[in-house]
Protein chains: 2
Amino acid sequence: MPRPKEFNPDEALEKAMQVFWHKGYQATSMEDLLTAMSLNRGSLYATFGDKRELFLKAMDLYCTGVGVGSRLSILSRPGPAIPLVHQFLEGMLEFALSDPQRRGCLIANTAMELAPHQTDIAKKVSGRLQHLEDAFFKLLTRAKQNGELDKNKNPRALARVLVTMMQGTIVMIKAGTPAEVVRQTAETVLSILK
Amino acid sequence: MPRPKEFNPDEALEKAMQVFWHKGYQATSMEDLLTAMSLNRGSLYATFGDKRELFLKAMDLYCTGVGVGSRLSILSRPGPAIPLVHQFLEGMLEFALSDPQRRGCLIANTAMELAPHQTDIAKKVSGRLQHLEDAFFKLLTRAKQNGELDKNKNPRALARVLVTMMQGTIVMIKAGTPAEVVRQTAETVLSILK
DNA sequence: TTAATACTTGACCGATCATTCCAGTATGGC
DNA sequence: GCCATACTGGAATGATCGGTCAAGTATTAA
């Protein structure tokens with residue numbers, strides 16, 4: 001048995017994810033990461049690999065733990081579908097708006113910063129977006145069957161609108177749009193479901 | 001009279017803007033810029049100031065010359081308003097989709113990369129977004145007066161939806177979403193005007 | 001107690017970063 | 001033709017980048 005690590009890798013990765021989320025990939029230096037994770041170079045490289053590997057692990061953690069992924073379960077709850085959509089989007093919105101650092105969403109940030117230049121990262125990003133779209137699609141399909149959604153509506157197209165809308169909202173929040181304007185805009189988009 | 005420059009500052013700035021647009025601020029090195037602008041360090045710093053100043057000038061050029069700004073005139077044409085909205089958005093969409101580099105929009109890119117960390121840049125970005133929103137608003141107000149747009153619709157809210165939608169679309173394009181999906185999604189959003 | 005293991009630490013590497021500066025040189029006004 | 005001007009080209013700056021490595025140390029298994 002090896003000597004145990006003096007730090008908690010999960011907590012360290014969480015810290016790294018926070019920094020990447022806040023500053024982006026390029027603007028984050030290994031120095032930043034070492035400070036935030038409060039460990040030394042050797043331990044970092046031995047545990048997480050290089051900067052890129054660490055970033056990929058941080059993305060995974062974000063998806064499962066903190067970001068949209070963690071709230072995605074709302075969309076698979078039973079009961080009336082449309083209220084669930086509202087509940088989910090309102091939760092995401094307030095979460096993003098309440099962040100004084102305006103970090104937005106790591107997935108959206110990465111889509112903008114890295115996806116066009118790195119195909120594997122683009123795949124990861126679009127996989128997550130697809131996942132979100134599918135969750136909306138399932139729920140909207142149910143809504144259509146329930147009669148909550150008009151029969152001539154297209155659940156797939158609407159799901160894509162919701163995803164696109166979320167990404168756009170993140171851009172607007174990062175640009176400094178006032179919270180009330182963001183809320184009203186989101187509400188207006190949701191009228192498309194009626 | 002000084003000795004005339006051996007390069008065209010406008011053309012050089014255009015090149016710089018292209019690089020910033022493609023790679024973002026952080027990922028662009030002065031080396032990249034020097035190569036693209038095909039001039040030497042001395043001339044660059046003497047003519048455009050440091051990297052940050054050059055970027056701000058590149059943003060200005062983008063707004064007036066290449067980006068949304070240059071196509072904004074479509075929105076102030078006379079005649080039926082709603083078709084103009086469609087025409088404008090379709091133009092933007094095809095422009096963004098036809099770019100093999102998936103550069104998106106320099107304003108949106110900057111909103112994501114720099115706006116949360118630099119208040120002056122955030123101001124510049126949100127100013128441009130506001131400008132776009134106002135153009136939509138004016139047109140939609142006219143549409144409402146014309147009877148092209150339903151009386152119970154809110155032009156301000158709809159204008160904001162269109163702006164948010166455009167930003168979201170850029171994220172989706174950068175994430176690698178197929179062109180046909182992007183087109184269908186945009187079309188679905190526009191059903192909100194009916 | 002000892003040997004093997006592997007985590008910790010910080011010095012160190014070459015590369016690259018943005019920026020400065022100084023010759024060298026071409027131009028315009030006289 | 002000559003001087004002042006200022007553009008050009010590239011060397012050089014110190015800082016910082018991501019990443020490596022060897023020495024020191026703590027832990028476990030025997």
Side-chain angles (χ1 to χ4, degrees), chain A residues 1-61 106 109-110 113-114 117-118 120-121, chain B residues 1-61 106 109-110 113-114 117-118 120-121:
Chain A
M1 278 285 286
R3 169 184 171 190
K5 289 182 200 293
E6 294 184 4
F7 63 96
N8 182 332
D10 293 338
E11 286 177 13
L13 183 57
E14 158 82 22
K15 294 287 187 185
M17 183 265 286
Q18 295 284 351
V19 180
F20 279 130
W21 189 5
H22 176 49
K23 305 186 67 167
Y25 181 79
Q26 297 268 4
T28 298
S29 69
M30 294 305 287
E31 204 63 44
D32 293 333
L33 293 165
L34 292 173
T35 305
M37 302 164 84
S38 32
L39 45 81
N40 51 63
R41 293 184 119 74
S43 303
L44 194 158
Y45 279 93
T47 310
F48 301 104
D50 64 12
K51 187 184 179 185
R52 185 187 158 79
E53 284 182 65
L54 176 58
F55 180 75
L56 293 173
K57 290 180 174 118
M59 271 192 78
D60 288 338
L61 176 62
L106 183 58
N109 300 356
T110 305
E113 186 186 0
L114 302 179
H117 306 96
Q118 310 202 27
D120 55 336
I121 288 190
Chain B
M1 277 287 285
R3 171 183 168 191
K5 290 182 198 294
E6 292 185 4
F7 64 95
N8 182 332
D10 293 338
E11 287 177 13
L13 183 57
E14 159 81 23
K15 294 288 186 184
M17 182 264 285
Q18 296 284 351
V19 180
F20 279 129
W21 189 6
H22 176 49
K23 306 187 64 167
Y25 180 79
Q26 297 267 4
T28 298
S29 69
M30 294 305 286
E31 203 63 45
D32 292 332
L33 293 165
L34 292 173
T35 304
M37 301 164 84
S38 31
L39 45 82
N40 51 63
R41 297 182 122 72
S43 303
L44 194 160
Y45 278 94
T47 311
F48 301 104
D50 64 13
K51 187 184 179 186
R52 184 185 158 80
E53 284 182 66
L54 176 58
F55 180 76
L56 292 173
K57 292 184 172 110
M59 271 193 77
D60 288 337
L61 176 62
L106 182 58
N109 299 356
T110 304
E113 186 186 359
L114 303 179
H117 307 97
Q118 310 201 28
D120 56 336
I121 287 190

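Quick note on labels: first sequence line is chain A, next is B, and so on, each numbered from 1.
In this structure, CG of B:Leu34 is placed 14 Å from P of D:dA11, rounded to the nearest angstrom.
Partners of B:Gln26 under the side chain to side chain donor-acceptor pair (under 3.5 Å) rule, at least two apart in sequence or in another chain, do not exist in this structure. Remark: B:Glu14 pairs with B:Gln18 by the side chain to side chain donor-acceptor pair (under 3.5 Å) rule, at least two apart or across chains. With sequence neighbours left out, the side chain to side chain contact (heavy atoms under 4.5 Å, CB included) criterion links A:Asn8 to A:Asp10, A:Glu11. Evaluation of the side chain to side chain donor-acceptor pair (under 3.5 Å) rule for B:Ser29 yields B:Asp32 as partners, not counting sequence neighbours. Contacts of B:Thr47 classified as side chain to side chain donor-acceptor pair (under 3.5 Å), with partners at least two apart in sequence or in another chain: B:Lys5. The salt bridge (charged side-chain N to carboxylate O under 4.0 Å, His left out) test applied to A:Glu31 returns A:Arg41, not counting sequence neighbours.
In this structure, the side chain of B:His117 engages the main chain of A:His22 through a donor-acceptor pair within 3.5 Å.
Here salt bridge (charged side-chain N to carboxylate O under 4.0 Å, His left out) pairs that include residues 42-52 of chain B, with residues two or more places apart or in two chains, are B:Arg52-B:Asp120.
For the segment residues 7-33 of chain B, the set of residues with a heavy atom within less than 4.0 Å of an atom of DNA chain C comprises B:Thr28, B:Ser29, B:Met30, in numerical order. A heavy atom lying under 4.0 Å from DNA chain D marks the following residues of residues 40-60 of chain B, by number: B:Asn40, B:Arg41, B:Gly42, B:Ser43.
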